[in-house]
There are 2 protein chains.
Amino acid sequence: MTDRTAPTNTKSIKAEILTIGDEVIRGEIVDSNKARMAQRLLQCNIEVHCQTSVADDAARMSELFQIAAARSDLVLITGGLGPTSDDLTTQVMADTFKSPLFLHEPTLEAIRLFFKQRTGSQRPMPESNAKQAYFPQHAAILPNPLGTAPGFMLAAQQAVGTEIESAAESSGHIAFLFCMPGVPRELDLMMDEQVMPWIQKQWPNRPVTCERRLRTFGIGESALEDALNKVDVLTRIEQDRQLRFGYRTCFPDNFLRVIAQAPSAAQAEEKLDEVSAWIREALGPKVYGEGEMALEEVLSDQLRAGGQTLALAESCTGGLVAQLLTNLPGSSEIFNGGVVAYANAAKTDLLGVSSELLAEQGAVSEAVAAAMAQGARKRFGTDFGLASTGISGPDGGTPQKPVGTVYLAWAWEGETRVEHFQLKFKRDMHRRLCAQILFDGLRRHLMGLDVVSSNFTGRKLKVSENR
Amino acid sequence: MTDRTAPTNTKSIKAEILTIGDEVIRGEIVDSNKARMAQRLLQCNIEVHCQTSVADDAARMSELFQIAAARSDLVLITGGLGPTSDDLTTQVMADTFKSPLFLHEPTLEAIRLFFKQRTGSQRPMPESNAKQAYFPQHAAILPNPLGTAPGFMLAAQQAVGTEIESAAESSGHIAFLFCMPGVPRELDLMMDEQVMPWIQKQWPNRPVTCERRLRTFGIGESALEDALNKVDVLTRIEQDRQLRFGYRTCFPDNFLRVIAQAPSAAQAEEKLDEVSAWIREALGPKVYGEGEMALEEVLSDQLRAGGQTLALAESCTGGLVAQLLTNLPGSSEIFNGGVVAYANAAKTDLLGVSSELLAEQGAVSEAVAAAMAQGARKRFGTDFGLASTGISGPDGGTPQKPVGTVYLAWAWEGETRVEHFQLKFKRDMHRRLCAQILFDGLRRHLMGLDVVSSNFTGRKLKVSENR
C-alpha cells in the first residue's frame with residue numbers, strides 16, 4: 001500500500017541544543033523550548049545527546065559554540081537574537097567562526113515593514129532593531145514571519161580555537177548551527193517550516209518516528225498493565241523493535257503512549273493503527289479518545305451527534321464543569337446553562353430542591369444530589385442534568401462527612417443515578433476529578449454503559465441506586 | 001534596627017546545574033527543576049553559570065561530572081537515583097571520583113520502613129530498591145523523607161581524568177557535588193532543608209537577595225513606565241546598586257519585580273518595603289496586591305472584611321468567574337452562587353431578564369447585561385451582582401457585534417454599571433480577561449473608585465451610564 005522501496009538511511013546524527021539567556025539561567029522562566037525542539041528532532045529519529053543553557057555572556061557562549069560545533073552534526077540554538085545590547089548570539093557566532101557580519105538589506109526592509117504593519121506607521125522602527133538585519137557571512141537566513149528576529153544557519157567548516165582542538169579530532173567535520181529566536185511560537189514555526197524540511201533534505205531517507213497517545217480515565221497504571229497483559233499486548237509490542245510503549249499520568253487521566261519507527265510516516269501510522277486497535281480491544285471503553293482531545297470534547301461531540309443537550313447544578317465543583325464545557329467553541333449547541341448553587345437558598349429557589357430534604361439529609365447527600373440534577377434538567381429543559389455536591393476542603397468536614405465526601409448525579413428521562421465517592425485530593429484536584437467523573441459518567445451512559453465502571457480507581461464506596 | 005555589623009563575604013561562588021535523564025533529553029518532560037534550583041541559589045547570591053542535561057549514559061555523565069567538578073565550586077545534580085537499571089548517577093559518581101560504593105545500613109532500614117508504612121506491610125521492599133542504600137565512600141547522605149531515593153554530597157578533592165586537566169588549572173580545587181532525586185517535591189524539600197542551610201554554613205555572611213512582586217491589572221508596560229518615571233521611581237531604583245527592577249507580563253496581569261540585595265534578609269525586606277511604597281505612590285490603585293495573591297483573592301478578602309456577598313450571571317464567561325472564586329477555600333462566605341445562562345431561556349427564567357428586552361436588544365447588549373447583573377443580585381439575595389454577555393468567538397460574530405464584543409455589568413443597591421469592550425483575544429484569553437475586569441471593577445468600587453479606570457488598557461469603547 002505504501003512505498004517500501006526507498007532505502008533507509010540510518011546513519012546516526014549527533015544533535016545538541018543550546019539555549020542562551022540570563023532569564024533561563026537565573027530560573028526566572030522554565031525553558032520549554034529545549035523540550036519542544038528535542039521532540040521534533042525525535043520525530044526524524046535524531047536523538048539529542050546534550051542540552052545546555054548559558055547566560056548572555058560572550059566568552060561562555062563562544063566556548064559553548066566551539067565545543068558544540070566540534071562534537072555535534074546539528075546544533076539548535078535559541079535566544080540572544082533580540083535588538084538590545086545584551087543580545088549577543090549573532091555577534092558571538094560571527095566572532096567564533098570568523099564570519100564577519102554583513103547587513104542584509106531585504107531583512108532590514110522586512111523589519112521596517114513589520115513595524116509599519118503592527119503600528120499603522122505611527123511608530124517607526126527603532127534604530128536598535130536594525131541590528132537584527134546583520135548576519136555572519138555565508139549564513140543562510142531564516143525569515144521570521146511572527147517577529148522581528150530572523151534566525152540563521154551557519155555551517156561551521158571545522159572547529160576553531162585551541163581549547164577544543166583535541167575534542168574536534170575529525171578535522172573537516174561540518175556542523176550545522178541553527179540560531180533561532182527564543183519566543184516559543186516564533187521558534188515553533190521556524191522549526192516546523194524551515195528547520196525540519198531542511199533536515200529531511202540534508203539527510204534524506206531516514207526512518208521517521210510517529211507517536212500515538214491513547215487517553216484513559218478511571219484506571220490506574222497497574223490495572224492498565226494487567227488488562228494489557230491479559231491479551232499479551234505488551235509482549236506483542238516488545239517483540240517489535242520498531243515500537244516503544246509507555247504510560248504517562250496527566251491528572252486526572254492516564255495516557256498510553258506508543259511510538260513507532262518506520263521508513264515513512266504512512267507506514268509508522270499504519271503500525272500505530274494496528275497497536276491502537278490491540279490496546280482498544282484490551283481496554284474497551286476505558287480508552288475515551290486519542291491525541292489532544294479532552295474528555296469534555298469527546299462528550300460534547302457525542303451530545304452533538306445525538307442532538308442532545310445538557311444542564312448543570314454545581315455545588316462543590318463551583319462552575320468548573322461549566323467552564324470546561326464552555327471553553328470549547330460551539331458549546332452553546334449542547335449546553336443550555338447551569339446553576340452554581342453554593343448557598344442552600346440557591347438550591348431551593350433556583351433548582352427546586354425542597355427545604356425539608358435539605359434540612360433532613362443535609363446539602364451533601366445522595367437525595368440532594370439527585371434533586372439538583374433533576375432540577376437542572378427541568379429548569380433548563382435539557383435531555384441531561386448533572387450535579388455535584390460535596391466537601392472539597394480544606395475545611396468544612398465532619399466525622400460523618402469528612403473532607404473529600406462527594407455525591408455526583410446524572411439525571412435523564414425517567415431515571416437519576418447518584419454515586420458517592422470519598423476522594424483524597426487537595427481542593428483543586430478534588431474539583432477537577434469530580435468534573436471528570438461527571439463527564440465520563442455521561443459519556444459511558446451514552447455508550448449504553450453504567451455511569452461508573454465497577455473497578456473505578458479511587459472510589460471508596462458505592463451508594464448507587466436506580467430510581 | 002537590624003544588625004549591620006556582621007562582615008559580608010562577597011567572594012564569588014561558581015555554581016552549575018546538571019540534570020540527568022532520557023525523559024528530559026528527549027523532551028518528554030519540561031524540566032522545571034533547573035529553574036527552581038537556580039532561583040534558590042540566587043537567593044543566596046549565587047549565580048549559576050551553566051545548566052546542562054544529558055541522557056542516562058554513563059560515559060557522557062562521567063565526562064560532564066569531571067568538567068563540572070573542575071570548573072565549578074558547587075554542582076547541583078538531579079535525576080538518575082531511582083532503583084532501576086537505567087539509574088546510573090550513584091555508580092558513575094563512584095567510578096568518576098574513585099569512591100567505591102558502600103552499603104549504608106540505616107538508609108536500607110529507612111527504605112524498608114518507607115515501604116512498610118506506605119503499603120501497610122502488604123508489599124515488602126522490592127530488592128531493586130536496596131540499590132538506593134549504596135553511596136560513594138566519604139559521601140554525606142541527604143535523607144529523603146518523601147521518597148525512597150536519598151541524595152548525597154560528595155566533595156571532589158580535585159578533578160580526575162586526562163581530558164579536563166588543562167581546564168582544572170587550580171590543583172587542589174574542591175567542588176561540592178550534590179546528587180538529588182528528580183521528583184520535584186522531593187528535590188524542593190531537600191534543597192530547602194538540607195542544601196540551602198549547608199550553603200549558608202559553608203559560605204557564611206554572604207549577602208542575601210530578596211524579591212518583591214507587585215501585581216497590577218489594566219495598565220500596559222509603557223504606561224507603567226511613564227507613571228513610574230513621572231515621580232522618578234526608576235531613577236531612584238537605578239541609583240541604588242543593590243536594587244534591580246523589571247516587568248513581567250503574566251496574562252491578564254502585569255507584574256513589577258524588585259530584587260534587593262543586602263547583608264541580611266531583614267535589611268533586604270526593609271529596602272523592598274521602601275521601594276514598594278514608592279511604586280504604590282506612583283501607581284495608586286493600579287497595584288492591586290503583592291506576591292502570590294491573585295485578584296479574586298484580594299476581592300474576596302475585601303468582601304469578607306465588609307461582610308458582603310456576591311452573585312453571578314455568566315454568559316460568555318461560562319462559569320469561569322464562579323470557578324475562579326470557588327477555587328479559593330472559604331469562598332462560600334462571600335459567594336452565594338451564580339447562573340451560567342447560555343441559552344436565552346435561562347436568562348429569562350432564572351434571571352428574570354424580560355423576553356421583550358432580549359428580542360429588542362439581543363442577548364449581547366448593554367440592557368441585557370444590566371438586567372442579568374440585577375437579576376443575579378435579586379435571585380441570590382446578595383449585595384453585589386456581576387454579569388457578562390458577549391461573543392468569545394471564534395464564531396458567532398456579526399458586522400454590528402463582531403467577535404470580541406462584550407458587555408460587563410456590576411449591580412449594587414440603587415445602581416447598575418455597564419461597560420462595553422471590544423477585545424481582541426482568543427476565546428480562552430477573552431474569557432479570562434472578562435473575568436479579571438469584573439473582579440477589578442468590584443475591587444475598585446469597594447475602594448470608592450469608578451469600576452473601570454479612564455485609562456484602562458485595551459478598551460475600545462465606553463458606553464457606561466448610571467441608572
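Every heavy atom of this structure was used, including side-chain atoms; hydrogens, water molecules and symmetry mates were not. Residue numbers start from 1 in every chain, and the chains themselves are labelled A, B, ... in the order their sequence lines are given, proteins ahead of strands. These numbers come from a predicted model, not from an experiment.
- Heavy atoms closer than 4.5 Å to chain A are found nowhere in B:Arg40, neither backbone nor side chain.
- Both the backbone and the side chain of B:Leu320 come within contact range of chain A, judged by heavy atoms closer than 4.5 Å.
- To the nearest 0.5 Å, the span separating OG on A:Ser331 from CZ on B:Arg427 amounts to 5.0 Å.
- Between the CG atom in B:Leu433 and the CZ atom in B:Phe251 there is a gap of 4.5 Å [rounded to 0.5 Å].
- Note on B:Leu325, B:Leu324, B:Asn344, B:Leu42: by heavy-atom pairs under 4.5 Å with chain A, the leading option is B:Leu42.
- A distance-only check finds no donor-acceptor pair linking the side chain of A:Ser315 to the backbone of A:Tyr342 [under 3.5 Å].
- Contacts of B:Asp31 with chain A are made by backbone atoms alone, with heavy-atom separations under 4.5 Å and no side-chain atom involved.
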For A:Thr52 and A:Leu18: C-alpha separation, side-chain torsions, deciding distance, then whether side chain to side chain contact (heavy atoms under 4.5 Å, CB included) applies. CA-CA 5 Å; A:Thr52 313; A:Leu18 313 180; 4.0 Å; yes

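- With a 4.5 Å cut-off on non-hydrogen atoms, B:Ile46 does not touch chain A at all.
- Neither the backbone nor the side chain of B:Ser392 comes within contact range of chain A; no heavy atom of the residue lies under 4.5 Å from a heavy atom of that chain.
- Interface summary for chain A: among B:Lys347, B:Met37, B:Glu47, the most heavy-atom pairs under 4.5 angstrom belong to B:Glu47.
- B:Thr19 and B:Ser53 share a donor-acceptor pair across their side chains, judged by distance under 3.5 Å alone.
- Classification of B:Arg36 and B:Asp188 as a salt-bridged pair holds, one side-chain N sitting under 4.0 Å from a carboxylate O.
- The choice from A:Gly337, A:Gly381, A:Pro329, A:Gly396 that makes the most heavy-atom pairs within less than 4.5 Å of chain B is A:Pro329.
- No other option in B:Ile17, B:Asn336, B:Leu41, B:Val30 has as many heavy-atom pairs under 4.5 Å with chain A as B:Asn336.
- When only modelled atom types and interatomic distance are considered, B:Arg244 and B:Thr209 share no side-chain donor-acceptor pair under 3.5 Å.
- Heavy atoms of B:Glu314 lying under 4.5 Å from chain A are absent altogether.
- In this structure, A:Tyr247 OH and A:Arg257 CZ are separated by 13.5 Å, a value rounded to the nearest 0.5 Å.
- The residue among B:Gly338, B:Ala38, B:Ala343 with the most heavy atom pairs within less than 4.5 Å of chain A is B:Gly338.
- Interface remark: B:Arg26 contributes backbone and side-chain atoms alike to the contact with chain A (heavy atom separation under 4.5 Å).
- Between B:Arg304 and B:Ser300, the side chains place no donor N or O within less than 3.5 Å of an acceptor N or O (distance only, hydrogens not considered).
- Looking at B:Gln39, the atoms closer than 4.5 Å to chain A (heavy atoms on both sides) sit in the backbone and in the side chain alike.
- For B:Phe380, the part lying near chain A is the side chain, with the backbone staying farther off; criterion is any non-hydrogen pair under 4.5 Å.
- How far CD of B:Gln51 is from NZ of B:Lys34: 6.5 Å, rounded to the nearest 0.5 Å.
- Taking SG of A:Cys434 as the start and CZ of A:Phe439 as the end, the distance is 11.5 Å to the nearest 0.5 Å.
- Contacts between A:Asp395 and chain B at a heavy-atom distance below 4.5 Å are absent for every atom of the residue.
- For B:Asn327, the parts lying under 4.5 angstrom from a heavy atom of chain A are both the backbone and the side chain.
- Note that the CZ atom of B:Arg377 and the CG atom of B:Leu312 stand 14.0 Å from one another [nearest 0.5 Å].
- The contact between B:Arg60 and chain A is made entirely by side chain atoms (from C-beta outward), counting heavy-atom distances below 4.5 Å.
- Proximity to chain B (any heavy atom under 4.5 Å) is shown, for A:Glu28, by both the backbone and the side chain.
- Contacts between B:Val321 and chain A at a heavy-atom distance below 4.5 Å are absent for every atom of the residue.
- Interface residue B:Ala55: only backbone heavy atoms are found under 4.5 Å from chain A.
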